[in-house]
Amino acid sequence: IRRLEEAVVNRIAAGEVVQRPASAVKELVENSIDAGATSVSVVVKDGGLKLIQVSDNGHGIRYEDLPILCERHTTSKLSTYEDLQTIKTMGFRGEALASMTYVGHVTVTTITEGQLHGYRVSYRDGVMEHEPRPCAAVRGTQIMVENLFYNMVARRKTLQNSNDDYPKIVDLISRFAIHNINVSFSCRKHGASRADVHTVSTLDAIRTVYGISVSRDLIEITVSDDNPAQPIFKMNGFISNANYVSKKTTMILFINDRLVECTALKRAIEVVYSATLPKASKPFIYMSIQLPSEHVDVNIHPTKREVSLLNQENIVETIQNSIESKLMSSNTTRTFQTQITNSLSAGYLSVKRESQINPPLSGTKSQKIPVNKMVRTDSRDPFGRLHAYLQDGVVLQHEKKTDLASVRNAVRLRRNPKEAADLSSVHELLNDIDSTVHSGLLDIVRNCTYIGLADDVFALLQHNTHLYLMNVVNVSKELMYQQVIRRFAHFNAIQLSDPAPLPELLMMALKEEDLESVDSEHDDLREKIAEMNTELLKEKAEMLDDYFCVHIDQEGNLIRLPVILDQHTPDMDHVPEFLLSLGNDVDWDNEKECFQTISASLANFYALHPPILPNPAGKGIQFYKKDVDEELLAEAETAWAQREWTIQHVLFPSMRLFLKPPNVMATNGTFVQVASLEKLYKIFERC
Ligand code: ADP
Ligand code: MG
């Protein structure tokens, strides 16, 4: 037995990684894509045996990395085993380039950003043949592999005899072109003037894949929001124009470069098309959306194709608006009338309905509970007394209304959402919010890191080197209030599965209010109050529904509630209290005050109060020991776990984006600085 020479071992290994020219091309192109290239071109001679040359405009390779570039297991993409779970690039073993140097001659020319000139260096058997030489270079990297398998006679022979690899390479590049719509590819034989795969743009890729009949009827669209309320969303893409005809919607949606589906968005776009264009054609949409990844929830569908977005409603609306205005202004050969007149017919209403269906996201059930804290076998089981009223779906805000005025109103609302907030009092309320912002707190809120819950009411967060306690109840209340004002008249709805009778709910609330006389002695009086409040709310029902999506029917039942923060459903145990506060605390006479007090009532209702049941994780557990009530305990555990999840995954991200903390929060104990790390370090030093 003899130990093999290392060079032989490496060559055998290399032969496995690079089996044929096409596999070398694949590795090189993947490296280019990993390097962020938006343009990759491939030149091939003799089916790749004489020459493979891949040029890209990626980030290049740093001078100091060149010496080890082609050693085995050198990679910039992975450093610990754990990285494997989060890696997004395609290659990561660091073997491809090394392998090529053992079975071919590799020359690398590269330049990194900001450098005056590039470097060129050749490799053999994993090492540089000479020091890198300065040379002229265009942005990116060019890797040339010559005489592949020069030292593997048998391999070279079989490859020469079989049909050459060029068709395989062309096929490979075409696939890359379809998958990487933002990268332009070209592939040609050495010396040929025409490329066999050639995509220079997204539009080209679409033409190649879907045909010219699609690509000629597309208009480009970009949205980068100038809306300060959601400054993180970017979209670009292509949408079909008025000339395009198809029975079926094609939607190619990338969110953060992942091919995904978003039913709500697709529906919303179809709605715009059927409302804007006279012809009943379904659209072709290619759309790429960039969002911070924590704003995308991929977990709502098991195959992880369907996604939902934090604050999806706003994003969907922004996109709807931009598509609508694009379609209206697109200067195609066809002039089409807007459907103002037609929209008064029932047809528009059904369109309107669809637009409001905004499935799973804002529904109650997209709430997640940490698996370890899950108690019920079916998380969809309604729990708690009033939770049972809550229904799965989300429904439209404006249901069939027959009178012309409300139809017109509905149309106007959808066509130009800004008009709805035309009411000057709403503007004033918005200004009030803006004018009392505390800039220091705003900075903390925008840039803090969530650490965890300190107790039932306070969360711990870090900002720079300071630790703060933040009152979750106060903050969520303020955030809800601000969102109600911002979403004014534009709410999605939470539908109660059963109508909830106002008089009974009000009675519950009244009994809760004065616990001393629970007995029936005051019931008559309470019933009177409940009855009066019910009448009052029925009277105000239309306004409550139009502006706040609090729908009360003529029989005096609560039917729907608004979605104030996506993915957040209020604690239904507080419904009675909410209704009572609508009756008692709202100033119905003055418009501004009225909107403000209703918003405050809603905010208080939706705020993240500690659940009514004592916290089983703390002292509260005693409460359950007395009369060992398993079911109650389970209910409490679910409620608390759910709240904790919501605080971390809904409240915090939304707070960062939307909250404008008012001045009072700096002094009323909502934010309290508890430690400064510098000081802590000083204490440690002394020990
Ligand atoms: P891997 O891709 O598995 O990391 P490779 O052997 O394919 O291993 O590449 C080694 C390293 O060389 C990569 O990690 C990357 O840092 C660098 N590299 C290779 N090709 C390119 C390129 N076209 N542009 C920029 N860097 C590259
Ligand atoms: Mg690689």
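Indexing begins at 1, ligand by ligand and atom by atom, following the structure's order. Numbers for residues simply follow the sequence, beginning at 1.
A donor-acceptor pair is defined here as one N or O able to donate and one able to accept, closer than 3.5 Å; no such pair exists between the side chain of Asn241 and the backbone of Ile219. Side chain of Thr110 to backbone of Thr141: no donor-acceptor contact under 3.5 angstrom is found.
For ligand 1, the atoms closer than 4.0 angstrom to any heavy atom of Leu69 are 12 (O), 17 (C). Each of the following atoms of ligand 1 lies closer than 4.0 Å to a heavy atom of Asn31: 2 (O), 5 (P), 7 (O), 9 (O), 19 (C), 20 (N), 21 (C). Atoms of ligand 1 lying under 4.0 Å from any heavy atom of Asp56, numbered from 1 in the order shown and given with element: 22 (C), 23 (N).
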Report task. Determine, stepwise, if the pair Val121 / His130 fulfils side chain to side chain contact (heavy atoms under 4.5 Å, CB included). Result -> CA-CA 7 Å; Val121 56; His130 52 80; 4.2 Å; yes

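At a heavy-atom cutoff of 4.0 Å, ligand 1 is contacted by no atom of Asp34, backbone or side chain. Heavy atoms of Ala35 found under 4.0 angstrom from ligand 1 belong exclusively to the side chain. If you look at His59 next to ligand 1, the close heavy atoms, those under 4.0 Å, all belong to the side chain. Looking at Leu97 against ligand 1, both its backbone and its side chain come within 4.0 Å, counting heavy atoms.
Ring pair Phe238/Tyr286 is parallel by interplanar angle, where below 30° counts as parallel and above 60° as perpendicular.
Under the 4.0 Å criterion applied to side-chain N and carboxylate O atoms, Glu30 and Lys26 are assigned as salt-bridge partners.
In this structure, Glu27 falls outside the shell of residues with a heavy atom less than 4.0 angstrom from ligand 1. At a 4.0 Å cut-off, not a single heavy atom of Gly58 sits close enough to ligand 1 to count as contact.
Annotation: the span from Met655 atom CE to Leu479 atom CG amounts to 8.5 Å, rounded to 0.5 Å.
Using a 3.5 Å distance cut-off with no hydrogens or angles, the side chains of Ser281 and Ser246 do not pair a donor with an acceptor.
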